[in-house]
Trainee: 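Here it is, the structure in full.
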Amino acid sequence: MTQGDFERFDLILAMDRENLRELQALKPRDSHALVKLFLEYAPQTKVRDVPDPYYGGDRHFEQVLDLTAAASRGLLAALKEGA
């Protein structure tokens with residue numbers, strides 16, 4: 001990520017709260033880009049952070065796939081509503 005990304009993109013998604021804090025610190029004051037957690041688009045999961053699957057075996061990769069698929073569906077629905 002660079003500060004220029006906040007000019008090029010309207011929406012920047014973080015996978016976890018640590019990434020979110022880092023993005024918010026990098027975001028220029030005059031930027032209009034929205035910076036959100038990806039899983040805000042999947043509130044039904046009751047999970048806020050996409051976990052790192054690398055240390056949990058196949059089960060964790062499946063969980064991440066399920067979470068990101070749900071958030072992707074929610075993001076697409078939100079974009080359609082805003083269009």
Side-chain angles (χ1 to χ4, degrees):
M1 289 291 307
T2 67
Q3 288 189 343
D5 291 330
F6 293 94
E7 295 173 22
R8 283 190 293 278
F9 302 107
D10 296 324
L11 176 63
I12 298 173
L13 299 172
M15 297 304 247
D16 61 40
R17 286 173 280 189
E18 181 179 341
N19 293 147
L20 181 65
R21 283 189 297 277
E22 291 170 358
L23 289 169
Q24 289 169 333
L26 184 61
K27 181 180 173 180
R29 290 183 191 267
D30 61 344
S31 173
H32 297 291
L34 292 176
V35 180
K36 299 175 77 169
L37 283 170
F38 187 36
L39 291 182
E40 287 183 40
Y41 291 100
Q44 72 280 8
T45 66
K46 299 186 186 335
V47 177
R48 295 194 62 199
D49 296 333
V50 176
D52 184 346
Y54 288 99
Y55 303 105
D58 292 345
R59 190 182 101 252
H60 285 153
F61 279 96
E62 289 293 327
Q63 178 191 23
V64 167
L65 179 61
D66 292 343
L67 290 169
T68 57
S72 295
R73 287 189 298 272
L75 174 59
L76 286 174
L79 291 173
K80 286 180 183 180
E81 287 176 13

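Numbers for residues simply follow the sequence, beginning at 1. It should be emphasised that the depicted structure is a prediction, and the values quoted were computed from it without experimental measurement.
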Trainee: Out of curiosity, Thr68 OG1 to Gln63 CD, how far, rounded to the nearest 0.5 Å?
Mentor: 10.5 Å
Trainee: So, taking the atom named CG in Leu76 and the one named CD in Glu81, what distance separates them when rounded to the nearest 0.5 Å?
Mentor: 11.5 Å
Trainee: Hydrophobic clustering (ILVMFWY, side-chain heavy atoms < 4.5 Å, transitive) - are Leu13 and Met15 grouped together?
Mentor: yes
Trainee: Can you pull the side chain to side chain donor-acceptor pair (under 3.5 Å) pairs that have at least one residue in residues 16-31, sequence neighbours excluded?
Mentor: Arg17-Asp49
Trainee: Tyr54: what forms a side chain to side chain contact (heavy atoms under 4.5 Å, CB included) with it, not counting sequence neighbours?
Mentor: Asp52, Phe61
Trainee: Using the rule that two of Ile, Leu, Val, Met, Phe, Trp, Tyr join whenever any of their side-chain heavy atoms come within less than 4.5 Å, decide whether Leu75 and Leu20 are in one cluster.
Mentor: no
Trainee: Going hydrophobic residue to hydrophobic residue with side-chain gaps under 4.5 angstrom, can you get from Val50 over to Leu11?
Mentor: yes
Trainee: May I have the list of side-chain donor-acceptor pairs in residues 33-47 shorter than 3.5 Å, sequence neighbours left out?
Mentor:
from: Lys36; atom 1: NZ; to: Tyr41; atom 2: OH; distance (Å): 3.4
from: Glu40; atom 1: OE2; to: Leu37; atom 2: N; distance (Å): 3.1
from: Thr45; atom 1: OG1; to: Ala42; atom 2: O; distance (Å): 2.8
from: Thr45; atom 1: OG1; to: Val47; atom 2: N; distance (Å): 3.3

Trainee: Calculate, to the nearest 0.5 Å, the distance between atoms OG1 and CG belonging to Thr2 and Asp5 respectively.
Mentor: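 These two atoms lie 3.5 Å from each other.
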Trainee: Looking at residues at least two apart in the chain, or sitting in another chain, which of them share a side-chain hydrogen bond (donor to acceptor under 3.5 Å, both in side chains) with Asp66?
Mentor: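 Testing Asp66 for side-chain hydrogen bond (donor to acceptor under 3.5 Å, both in side chains), a comparison that skips the adjacent residues, returns none.
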Trainee: Tell me, please, which residues at least two apart from Arg59 pass side chain to side chain contact (heavy atoms under 4.5 Å, CB included).
Mentor: none
Trainee: Taking ring-ring contact (aromatic ring centres under 6.0 Å, His included) as the cut-off, I'd like each qualifying pair that reaches into residues 6-35, sequence neighbours left out, listed once.
Mentor: none
Trainee: Considering only heavy atoms from C-beta outward, does the side chain of Leu65 approach that of Pro53 to under 4.5 Å?
Mentor: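 No, every pair of side-chain atoms sits at 4.5 Å or beyond.
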